[in-house]
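Chain letters run A, B, ... following the sequence lines, proteins first, then strands; residues in each count from 1. Heavy atoms only: backbone and side chains are in, while hydrogens, waters and symmetry mates are out.
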Amino acid sequence: MARNITPRSEDYSQWYLDIIKAAELADYAPVRGCMVIRPTGYSIWESIQKHFDDAFKETGHVNAYFPLLIPNSFLEKEAEHVEGFAPECAVVTHAGGEPLEEPLVVRPTSETVIGHMYSKWVQSWRDLPILINQWANVMRWEKRPRLFLRTSEFLWQEGHTAHSTKEEAMEETLRMLEVYRTVMTDILALPIIPGEKTEGERFPGADNTYTCETMMSDKKALQAGTSHFLGQNFAKAFDIKFQNRDGELEYAWTTSWGASTRLIGAIIMTHSDDDGLILPPRVAPVKTIILPISTDEAKIEDVLLPRARELSSSLNTALGGRFTAVDTQFHLRPGDRFFNHLQKGVPLRIELGEKDLAGGTARIVRRDTGERLDIPLGQVAEKVPAILEEIQQSMLKKAFDLTRENTHRVKSYDEFKEVMGTDGGFIETWFAGSTDDEKKIKEDTGATARCMPLGDEESGTCFFTGRAGARKTIFAKAY
RNA sequence: CGGGGCGUAGCGCAGUCUGGUUAGCGCACCUGCUUUGGGAGCAGGGGGUCGAAGGUUCGAAUCCUUUCGCCCCGACCA
């Protein structure tokens, strides 16, 4: 048992923070709400980035970089946008030792500056679509920060596209939602429910927002990524116009979509246990750690280390990358070395000691189940990929099962309140209420409308208003 | 911004109510020896302007005033 991690059942928030500390993922920065992402945490982010970036490239997007500072006036060009973001913007008022003529906003998101640039770049229908993504930091001054889930500065990617037709922009919005769903499910092993946001939960300035909602192990919902159909709102605000095939001027249709370092928080809260982090193999920067174990220094040098390096090399070949590391912390005793990698969530630990060598095997220990296997040395490289894959599938299934088991169907508000007051979790129901109705429900129960799941075109009777034609909606308490 | 906690060694804390030796304990760290397949044992050692600033007093970690910060719970949000 870990002695530096509060049990999850005792204090969920503290458990979450303890894991981040024990796994050395992040640390508090001197400025409130800001965090330092430590090397172990950052390598997870790099892995997430790689999988998303590949998926973006496969769907025809290219990367670019837009500046951190945005003229204050840009934000004000889109009424809903400024209303939504102004309260949480950090503003630069001085530079070069003098007050600035116009304050500069540290970007909370980049729709405005990108809209400005797109209007310069777009003249003809031939200039469309523009399919650009950027990896960047953004700043939103949060009242109540939490490591990875909500920090004042965070890292993310934001895709920004412009299209000549509404249909094409809507297709792009849903395509990228599906890209998110796929990577989050297949790589991060998160049980994603893709859906449409209700009006009250929309991105400021969007006609429509789509989301990937996922359940954490405390049964609360986390918004893991969003894709927005911006209509012509930003095109009109920033004058993104093109001449169509008939020679007429039209406003472009734009989209934007983002996912952030919050995903690391999602991985922690979905998969970890009381011993620390558990990483799904496909996202783990180190998938297997090899620990040579012996008290005999000469034996370590002459026999164990060479065998470990050999094994590491054949494992890397089998896994198609540098995914294996050899632990050389010989100043620590074996127990300390086990816990070190256990807490950091490495999916497989391979112990290579004198006893193993004598038997011609290696001991392989699964992080997710603790299961131990003795495998003949010659077969390790061949068998490990399948074991990792099994871990991946098993973790995803476990997470999906939790979601399924904690999703309740209700028909009335009384039932709704009963469920939220006891079991919690997700509530799946029919809803046709207004934004004010959502506020009332939140005041009463703490739950908010998370999304209206896609692919569910049936309609029913609203549990709150009694109206017919209501849409299937998921409610939950959310991060 | 409201409510509740808390600031004493890297981390976790005792001491504060009732002012009084040189401010303690556990873990971690350093050295040595013994150990070593799931978080070792013994011995020795280093490390503190007690969050900050004022005040009361012969004397303040302790009492008074002000202030800064952090954590948790809410409202706002990826």
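Nucleotides B:G7 and B:A52 are separated by 13 Å at their P atoms, to the nearest Å. Nucleotides B:G12 and B:C17, compared at atom C1', are 23 Å apart to the nearest Å. For B:G47 and B:C1, the P atoms lie 41 Å apart once the distance is rounded to whole Å. A gap of 15 Å separates the P atoms of B:A53 and B:U8, to the nearest Å. Using P as the reference atom, B:C29 and B:C76 are 45 Å apart when rounded to the nearest Å. Taking atom C1' on both B:G3 and B:C50, the two are 28 Å apart, rounded to the nearest angstrom. Separating the P atom of B:U57 from that of B:G19 is a span of 16 Å, rounded to the nearest Å. Spacing of C1' atoms, B:A60 relative to B:U49, comes out at 14 Å, to the nearest Å.
Rounded to an integer number of Å, the gap from CZ of A:R349 to P of B:G39 is 11 Å. A straight line from CG of A:D11 to P of B:C6 spans 16 Å, rounded to a whole angstrom. A straight line from CG of A:L332 to C1' of B:G37 spans 15 Å, rounded to a whole angstrom. For the pair A:K21 NZ and B:C11 P, the interatomic distance rounds to 7 Å; values are reported in whole Å. Counting to the nearest Å, the C1' atom of B:C77 and the CD atom of A:E201 are 10 Å from each other. In this structure, CD1 of A:I350 is placed 18 Å from P of B:G38, rounded to the nearest angstrom. Atoms OH (A:Y479) and C1' (B:C73) sit 13 Å apart, rounded to a whole Å. For the pair A:H331 NE2 and B:G39 C1', the computed distance is 14 Å after rounding to whole Å.
Taking a cutoff of 4.0 Å between a charged side-chain nitrogen and a carboxylate oxygen, A:R8 and A:D18 do not qualify as a salt bridge. A salt bridge does not link A:E178 with A:R175: every distance from a Lys NZ or Arg NE/NH1/NH2 to an Asp or Glu carboxylate oxygen is 4.0 Å or more. For the pair A:E443 and A:K440, the salt-bridge criterion is not met [side-chain N within less than 4.0 Å of a carboxylate O]. Using a 4.0 Å cut-off between a side-chain N of Lys or Arg and a carboxylate O of Asp or Glu, A:K197 and A:E213 qualify as a salt bridge.
Residue A:S294 is the one, among A:A478 and A:S294, whose nearest nucleotide of RNA chain B lies closer to the 5' end (criterion: closest heavy atom). For the pair A:T261 and A:E351, both in contact range of RNA chain B, the more 5′-proximal nearest nucleotide belongs to A:E351.
Within the shown strands, nothing qualifies as a pairing partner of B:G19 under the Watson-Crick or G-U definition with both distances less than 3.5 Å. As the counterpart of B:G26, B:C11 is assigned, both hydrogen-bonding distances of the Watson-Crick or G-U wobble pattern falling under 3.5 Å. Using the Watson-Crick or G-U wobble rule with both distances under 3.5 Å, B:C42 pairs with B:G32. Pair assignment for B:C6 gives B:G69, based on Watson-Crick or G-U wobble hydrogen-bonding distances that are each under 3.5 Å. In a base pair of the Watson-Crick type (N1 to N3 plus N6-O4 or O6-N4) or a G-U wobble (N1-O2 and O6-N3), with each distance short of 3.5 Å, B:G54 is matched with B:C64. Pair assignment for B:C1 gives B:G74, based on Watson-Crick or G-U wobble hydrogen-bonding distances that are each under 3.5 Å.
Using a 4.0 Å heavy-atom criterion, one finds that A:L342 contacts the bases of the nucleic acid, with or without backbone contacts as well. Residue contacts for A:G353: at a heavy-atom cut-off of 4.0 Å it reaches a base atom on one of the strands shown. Contact annotation for A:D356: base contact, defined as any heavy-atom pair under 4.0 Å involving a base atom. A:Q14 comes within contact range of no nucleotide atom at all, as no heavy-atom separation falls under 4.0 Å. Across all strands shown, A:K442 has heavy atoms under 4.0 Å from sugar-phosphate atoms exclusively, and none from any base.
If you check the side chains of A:T448 and A:R450, you find a donor sitting under 3.5 Å from an acceptor. Looking at A:E158 and A:S110, their side chains do bring a donor and an acceptor atom within 3.5 Å of each other. Checked by atom type, the side-chain pair A:S294/A:E354 shows a donor-acceptor distance below 3.5 Å.
Set against B:G39, B:G37, B:G38, the side chain of A:D336 has B:G39 as its closest nucleotide. Closest approach to the A:P334 side chain among B:C72, B:C77, B:G37 is made by B:G37 (side chain taken as heavy atoms from C-beta onward). Taking every side-chain heavy atom of A:T295 into account, B:U36 is the closest of B:G39, B:G37, B:U36.
In this structure, A:R349 forms a cation-pi arrangement with A:F338, its terminal cationic atom sitting closer than 6.0 Å to the ring centre and no more than 45° off the ring axis.
For A:S13 and B:C71, the shortest distance from a side-chain N or O to OP1 or OP2 is not below 4.0 Å. The phosphate of B:C71 (OP1 or OP2) has a side-chain N or O of A:Y28 nearer than 4.0 angstrom.
For A:F339 and B:G39, the ring-to-base geometry satisfies the stacking test (centroid distance below 5.5 Å, interplanar angle below 30°).
Aromatic ring centroids of A:H81 and A:F203 lie under 6.0 Å apart.
With sequence neighbours left out, A:D296 forms a salt bridge (Lys or Arg N to Asp or Glu O under 4.0 Å) with no residue at all.
You won't find any donor-acceptor pair under 3.5 Å spanning the side chain of A:E443 and the base of B:G74, going by distance alone. For a distance-only test at 3.5 Å, the side chain of A:R337 fails to qualify as a donor-acceptor partner of the base of B:G38.
Contact check of residues 138-159 of chain A against RNA chain B (heavy atom, cut-off under 4.0 Å) returns A:R140, A:E142, A:K143, A:R144, A:F148, A:L149, A:R150, A:T151, A:F154.
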